[in-house]
Amino acid sequence: SNAYLDEITAHIAKCAKLPYDVKVFIIPDDTPNAFALLGGTIYITKGMLRAVKNQNELASIIGHEMGHFKHRHHLKTLGTSLLYSLATLTLAEGYGTILNTTLDISNVKYSQSAELEADAFSLDVMQCTYGTVSDATTLFSRMEVGSGSDWSYFFATHPAFKERLEKMHQLIASKGYDTSSSVIPLKEKF
């Protein structure tokens, strides 16, 4: 329920230290996905909620989306997109098409680095909130193993799960984060 998501979000928000409140809403879609929009709103699909096995995994998703807010990825992307749109309008048609193709490729790369930055923020927030990052990466492990059509959309703008897992494990080790504590079971099934 949204009340349960609000409870987890409020708990995590103490460590995230965002300058505004964050609200989480459920989308009735079976595709596993979560995303954050301007204004401190996070949307999580039913498919993603069904994919999580415990509160730690759910907290890692919410923490990841909060990472996009913390690092202002939305504003950076919005500003860049507006600039590129204006540049495209001022160029001749052929050059505009070339520019758009180039910008699409650079936006994917930017998006991938933003995803890795949000992953790192999620780990920091989980360690602060729970004193552990146990199961912070298990959802990605399952995604990598089952990287069929349900997860295929992630490969367009997100780094490959293997790369994300490697970078997250490196960060966990370098910061000495706990991974051995027990996880918190979900209070509700989605």
Side-chain angles (χ1 to χ4, degrees), residues 1-28 32-79 111-143 154 158-159 161 164-190:
S1 73
N2 268 44
Y4 180 44
L5 291 177
D6 288 343
E7 177 186 320
I8 295 169
T9 303
H11 192 55
I12 297 168
K14 293 173 189 169
C15 286
K17 297 179 182 169
L18 296 173
Y20 46 81
D21 291 335
V22 174
K23 287 289 190 190
V24 180
F25 297 97
I26 300 170
I27 298 175
N33 199 1
F35 53 92
L37 297 178
L38 287 171
T41 306
I42 296 172
Y43 292 93
I44 302 177
T45 64
K46 280 280 207 183
M48 182 62 87
L49 292 171
R50 287 187 195 114
V52 299
K53 303 290 184 199
N54 55 58
Q55 185 172 315
N56 298 54
E57 288 183 355
L58 183 53
S60 74
I61 293 167
I62 295 170
H64 172 93
E65 299 306 331
M66 285 181 172
H68 289 304
F69 296 139
K70 186 69 169 190
H71 294 291
R72 304 175 65 157
H73 294 149
H74 302 84
L75 295 177
K76 292 173 185 174
T77 302
L78 179 64
S111 180
Q112 290 177 349
S113 69
E115 292 302 317
L116 294 171
E117 198 171 38
D119 288 344
F121 183 80
S122 178
L123 292 172
D124 293 341
V125 169
M126 285 189 67
Q127 181 67 32
C128 174
T129 303
Y130 298 104
T132 186
V133 294
S134 292
D135 277 17
T137 61
T138 54
L139 181 61
F140 284 145
S141 295
R142 288 196 309 278
M143 290 167 132
F154 270 133
H158 292 61
F161 298 123
R164 290 176 83 171
L165 283 166
E166 287 172 4
K167 291 193 184 283
M168 290 173 82
H169 287 295
Q170 289 170 359
L171 185 60
I172 289 166
S174 71
K175 292 194 173 191
Y177 285 165
D178 174 75
T179 58
S180 61
S181 296
S182 59
V183 297
I184 303 167
L186 289 169
K187 286 185 188 177
E188 296 181 17
K189 293 288 183 193
F190 292 99

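All residue numbers in this chain count up from 1 along the given sequence. What's counted below: heavy atoms across the whole structure, side chains too, no hydrogens, waters or symmetry copies.
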Any residue meeting side-chain hydrogen bond (donor to acceptor under 3.5 Å, both in side chains) with D135, in chain and number order, not counting sequence neighbours: N54
Residues R142, E57: salt bridge by 4.0 Å N-O rule: yes
Side-chain heavy-atom pair Y177, T132 within 4.5 angstrom cut-off: no
Aromatic ring pairing F190/Y4, orientation class (parallel under 30°, perpendicular over 60°, tilted between): parallel
S122: side chain to side chain contact (heavy atoms under 4.5 Å, CB included) partners, not counting sequence neighbours: S60, H64, M126
CA sep, side-chain torsions, deciding dist, call: E117, H68, side chain to side chain donor-acceptor pair (under 3.5 Å): CA-CA 8 Å; E117 198 171 38; H68 289 304; over 6 Å; no
Sidechain-backbone polar pair: D119 side chain, R164 backbone, donor-acceptor under 3.5 Å: no
Any V22 side-chain heavy atom under 4.5 Å of I12 side chain: no
Where at least one partner belongs to residues 40-56, residue pairs that pass salt bridge (charged side-chain N to carboxylate O under 4.0 Å, His left out), sequence neighbours excluded: D30-R50
Any T9 side-chain heavy atom under 4.5 Å of M66 side chain: yes
Within residues 8-20 or reaching into it, pairs that qualify as salt bridge (charged side-chain N to carboxylate O under 4.0 Å, His left out) - sequence neighbours excluded: none
Closest non-hydrogen atom pair between I62 and I42, with its separation: O-CD1, 4.0 Å
Within-4.5 Å side-chain heavy-atom neighbours: Y43 and T45: no
Pairs flagged by salt bridge (charged side-chain N to carboxylate O under 4.0 Å, His left out) wherever residues 175-190 is involved - sequence neighbours left out: E7-K187, D124-K175
Side chains of L37 and F35 in contact at under 4.5 Å (non-hydrogen atoms): yes
Closest approach of L58 to I8 (non-hydrogen atoms, all atoms of both residues): CD2-CD1, 3.5 Å
Exercise: identify the closest heavy-atom pair between S181 and S134: O-OG, 2.7 Å
Counterpart residues, ring pair (Phe, Tyr, Trp, His ring centres under 6.0 Å), relative to Y130 (two or more places apart): H11
Identified side-chain contact (heavy atoms from CB on, under 4.5 Å) counterpart of L49 within the set I61, I26, I27: I26
Closest contact, heavy atoms only, A136 versus L123: CB-CD2, 3.6 Å
Heavy-atom closest pair, residues F121 and G67: CD2-CA, 3.2 Å
L186 backbone acceptor or donor facing Q55 side chain under 3.5 Å: no
Nearest-0.5 Å distance, CG of residue L165 to CG of residue L139: 9.5 Å
Nearest atoms (heavy-atom pairs only) where V125 meets A16: CG2-CA, 4.0 Å
